[in-house]
Amino acid sequence: QVRLVESGGGLVQAGGSLRLSCAASGRTFSSYAMGWFRQAPGKEREFVAAISWGGGRTYYADSVQGRFTISRDNAKNTVLLQMNSLKPEDTAVYYCAAAQTLQGIRGAGPYDYWGQGTQVTVSS
């Protein structure tokens, strides 16, 4: 069992930055690949970024490539999402999730555990 709690969301102006954090419980954090998804009002949940168990491999949605950076600290059971050059279209609830496989990591299917989400609002 893995419990995930996101933090760091808020209101920021376009062009600004935010750093989201996801704290995981349990001793097996390092055995999970971690991902970030987001869901805007009226839209489906979409993939944002993912990172492998040891952090050696990262994956990004085209819409955030070059602006967002995912990282993890297995000693602290934490995964981060640094978001720079934010745009109004980045406004959404952001969720972190844990998966035991990297296969299909850009889809929601492999993820076994999800956090409750944190709101990010980017004003124009």
Side-chain angles (χ1 to χ4, degrees):
Q1 187 80 13
V2 177
R3 182 170 178 262
L4 304 172
V5 179
E6 303 94 336
S7 62
L11 174 64
V12 63
Q13 288 188 334
S17 298
L18 280 176
R19 188 176 74 167
L20 304 184
S21 179
C22 175
S25 65
R27 299 180 179 179
T28 60
F29 175 73
S30 61
S31 66
Y32 287 88
M34 298 298 296
W36 285 96
F37 286 73
R38 67 187 182 187
Q39 187 167 19
K43 295 187 177 181
E44 293 187 354
R45 191 171 298 189
E46 65 174 358
F47 171 78
V48 175
I51 189 166
S52 61
W53 303 270
R57 283 181 282 180
T58 57
Y59 310 81
Y60 295 96
D62 290 344
S63 58
V64 307
Q65 181 77 48
R67 299 189 297 123
F68 290 11
T69 302
I70 189 171
S71 62
R72 67 188 297 161
D73 185 338
N74 286 342
K76 297 181 179 180
N77 282 14
T78 300
V79 60
L80 302 175
L81 185 67
Q82 178 66 44
M83 306 186 296
N84 298 329
S85 302
L86 282 162
K87 305 175 182 181
E89 51 263 43
D90 294 319
T91 295
V93 177
Y94 283 70
Y95 301 88
C96 71
Q100 291 186 294
T101 177
L102 287 174
Q103 188 172 5
I105 201 68
R106 296 173 183 269
Y111 295 88
D112 302 305
Y113 301 101
W114 293 83
Q116 292 300 305
T118 185
Q119 176 71 47
V120 171
T121 303
V122 184
S123 64
S124 58

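Listed here is the closest heavy atom pair of L11 and S123: CD1-CB, 4.3 Å. A pairwise comparison of heavy atoms in S52 and L102 identifies CB-CD1, 3.9 Å as the closest pair. Across T118 and G9, no two heavy atoms sit closer than the pair OG1-N, 3.2 Å. The two residues S17 and N84 have their closest heavy-atom pair at OG-OD1, 2.9 Å.
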For a quick test of your reading: what N or O donor-acceptor pairs under 3.5 Å do the side chains of residues 73-81 make, sequence neighbours left out?
unit_1, atom_1, unit_2, atom_2, d
D73, OD1, A75, N, 3.1
D73, OD1, K76, N, 3.3
N74, OD1, R72, NE, 2.7
N74, OD1, R72, NH2, 3.2
N74, ND2, W53, O, 3.1
N77, ND2, A24, O, 3.3
N77, ND2, G26, O, 2.9
T78, OG1, K76, O, 2.9

N/O donor to acceptor pairs below 3.5 angstrom from side-chain atoms of residues 41-49, sequence neighbours left out:
unit_1, atom_1, unit_2, atom_2, d
E46, OE2, R38, NE, 2.6
E46, OE2, R38, NH2, 3.1

Would you tabulate the side-chain donor-acceptor contacts of residues 104-114 under 3.5 Å, counting partners in other chains and residues two or more places apart, or write 'none'?
unit_1, atom_1, unit_2, atom_2, d
R106, NH1, Y60, O, 2.8
Y111, OH, I105, O, 2.7

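The CZ atom of F68 sits 14.0 Å away from atom OG1 of T58, with the distance rounded to the nearest 0.5 Å.
Side chain of T91 to main chain of V122: a donor-acceptor pair is present (N/O by atom type, distance under 3.5 Å, no hydrogens or angles). With Q82 contributing its side chain and R19 its backbone, the two residues share no donor-acceptor pair below 3.5 Å. For the pair E6 (side chain) and Q116 (backbone), a donor-acceptor distance under 3.5 Å is present.
Using a 4.5 Å heavy-atom threshold, the side chains of V93 and F37 count as separate. Residues V120 and M83 have side chains in contact (heavy-atom distance under 4.5 Å, counting atoms from C-beta outward).
Taken together through direct or relayed side-chain contacts under 4.5 Å among Ile, Leu, Val, Met, Phe, Trp and Tyr, M34 and Y94 form part of one hydrophobic cluster. In this structure, Y95 is not a member of the same hydrophobic cluster as L18, with clusters built from ILVMFWY side-chain heavy atoms closer than 4.5 Å.
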Show your reasoning for whether side chain to side chain contact (heavy atoms under 4.5 Å, CB included) applies to Y32 and I51.
-> CA-CA 9 Å; Y32 287 88; I51 189 166; over 6 Å; no

